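The block underneath contains the structure these notes are about, expressed in structure tokens.
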Amino acid sequence: MADDVERPGADAWVPEGAPVDELRRAAPDCRGCELWHDATQVVFSRGREGAPLMLVGEQPGDREDLEGEPFVGPAGRLLADAVDAAGIARDRVYVTNAVKHFRFRLRGKRRIHEKPSVAHIVPCRPWLEAEFEAVHPSIVVALGATAVRSVLGRTVRIGEVRGRVLPPDAAAGASALPAPVLVTTHPSALLRIEDPADRTAAFQALVDDLRAAADAVE
Ligand code: URA
Ligand code: SF4
């Protein structure tokens with residue numbers, strides 16, 4: 001799908017130049033793509049303006065959709081553990097998602113997570129851009145492929161760039177970034193690793209990447 005698919009997406013609902021609390025109040029009204037329709041609620045962000053590290057995930061999961069808070073389920077616990085293990089104080093971290101509504105399909109009564117597509121990532125990016133402006137982070141950490149697609153505005157093989165601090169102009173086109181970007185894996189990828197030694201190694205790699213991001217802005 002083309003990069004500029006369905007622009008402006010959320011633009012009509014994003015208050016210009018607004019602080020985070022105002023963005024949070026406006027987000028439930030967004031109709032920038034169809035995901036609002038089946039989700040329980042919008043899931044915005046957690047954290048304060050001026051937090052030096054902005055962590056961008058994929059989208060809320062089942063638990064996040066029900067609670068209205070990002071990263072409160074199993075992947076969120078892992079991420080919090082990794083932030084702690086990296087020695088980063090939690091109040092220095094602002095966490096958000098590339099897509100603000102939960103995408104799923106029903107299997108019986110179960111809601112099965114579905115990856116957001118470009119047709120959700122692109123329309124939702126105005127919210128992230130507004131967060132860039134309001135939070136003004138010193139570094140943006142993109143967790144996994146969806147976050148990378150949103151933050152950099154293009155598809156990148158994670159293995160090729162992970163752990164490196166990329167300059168703000170690494171983003172495609174007009175999608176200017178407020179800060180350098182560091183790409184790493186999504187914590188939910190760790191949950192799928194069955195071998196305990198492999199999982200520990202993957203967790204340590206995530207911790208190392210988070211520490212590298214924090215060190216880059218010290
Ligand atoms: N995974 C994400 O990417 N974001 C969340 O908020 C929860 C799980
Ligand atoms: Fe708006 Fe993003 Fe929700 Fe789509 S996913 S309705 S663009 S907030």
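Just so it is clear, the structure is predicted and the values come from calculations on it, not from any experiment.
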Considering only Ile, Leu, Val, Met, Phe, Trp and Tyr, and joining two whenever side-chain heavy atoms are under 4.5 Å apart, list the other residues clustered with L106. F102, F104
Apply side-chain contact (heavy atoms from CB on, under 4.5 Å) to R48 and V135, showing your working. CA-CA 7 Å; R48 59 174 174 87; V135 177; over 6 Å; no
Heavy-atom side-chain contact between R154 and R149 under 4.5 Å: no
Ring-face cation contact, W36 with R31, 6.0 Å cut, 45° max: yes
Neighbour count above 12 (heavy atom, 6.0 Å) for H113 NE2: yes
Any Lys/Arg nitrogen of K100 or E131 sitting under 4.0 Å from an Asp/Glu carboxylate oxygen of the other? yes
The reported gap from OG in S138 to CE in M54 (rounded to nearest 0.5 angstrom) is 10.5 Å
Spell out, yes or no, whether I121 and V42 are grouped together once hydrophobic residues are joined by side-chain heavy atoms under 4.5 Å, including indirect joins. no
For R92, is there an ion pair with E218 - N to carboxylate O distance below 4.0 angstrom? yes
Going from CZ on R105 to CZ on R110, what distance comes out if it is rounded to the nearest 0.5 angstrom? 9.5 Å
Check the side chains of H101 and E34 for a donor-acceptor pair under 3.5 angstrom, ignoring hydrogens and angles. no
Rounded to the nearest 0.5 Å, how far does CD of E114 lie from CD of Q59? 9.0 Å
Between V140 and F132, is there a side-chain heavy-atom distance shorter than 4.5 Å? yes
If you compare all heavy atoms of A98 against all heavy atoms of V56, which two are closest, and at what distance to 0.1 Å? N-CG1, 3.8 Å
State, with a plain yes or no, whether a side-chain heavy atom of E49 is found less than 4.5 Å away from one of P19. yes
Minimal non-hydrogen separation, A86 against R211, with atom names: O-NE, 3.6 Å
So, for G57 and A147, which heavy atoms are closest and what is the spacing to 0.1 Å? O-CB, 3.6 Å
Give the intermediate values and the outcome of side-chain contact (heavy atoms from CB on, under 4.5 Å) for residues V20 and Y94. CA-CA 11 Å; V20 170; Y94 177 96; 3.9 Å; yes
Checking R63 now: which residues fulfil salt bridge (charged side-chain N to carboxylate O under 4.0 Å, His left out) with it, not counting sequence neighbours? E67
Rounded to the nearest 0.5 Å, how far apart are CZ of R199 and CZ of R192? 11.0 Å
Is there a side-chain contact between C124 and C33, using heavy atoms and a 4.5 Å cut-off? no
Let me see the working for T96 and F44 under side-chain contact (heavy atoms from CB on, under 4.5 Å), right down to the final yes or no. CA-CA 6 Å; T96 192; F44 210 70; 5.5 Å; no
Which other residues end up in the same hydrophobic cluster as L191, if Ile, Leu, Val, Met, Phe, Trp and Tyr are linked when side-chain heavy atoms come under 4.5 Å apart? L53, L55, F71, L78, L79, V83, I88, V93, V95, I139, V141, L143, V165, L182, L190, F203, L206, V207, L210, V217
Looking at every non-hydrogen atom in both residues, tell me the closest pair between E64 and V72 and how far apart they are. OE2-N, 3.0 Å
Quick check against the 3.5 Å criterion: does N97 have a side-chain atom that pairs as donor or acceptor with the backbone of E58? yes
Nearest non-hydrogen partners of V99 and P60, listed with the distance: O-CD, 3.1 Å
Salt-bridge criterion met for R111 and D65 (N-O under 4.0 Å): yes
Side chains of E69 and V43: closer than 4.5 Å at any heavy-atom pair? no
Answer whether the closest heavy-atom distance between the side chains of V183 and R164 falls below 4.5 Å. no
Any side-chain heavy-atom pair of C30 and W127 under 4.5 Å: yes
Shortest non-hydrogen separation from P123 to G32 and the atoms involved: CB-O, 3.4 Å
If you round to the nearest 0.5 Å, how far is CD of E133 from CG of L128? 12.0 Å
Can you measure from CZ (R103) to CG (L35) and round to the nearest 0.5 angstrom? 6.5 Å
Just wondering, do L166 and L152 contact through their side chains at under 4.5 Å, heavy atoms? yes
Should R162 and T185 be marked as a side-chain contact (heavy atoms from CB on, under 4.5 Å) after you check the CA-CA gap, both sets of side-chain angles, and the distance that decides it? CA-CA 8 Å; R162 98 165 270 181; T185 48; 3.3 Å; yes
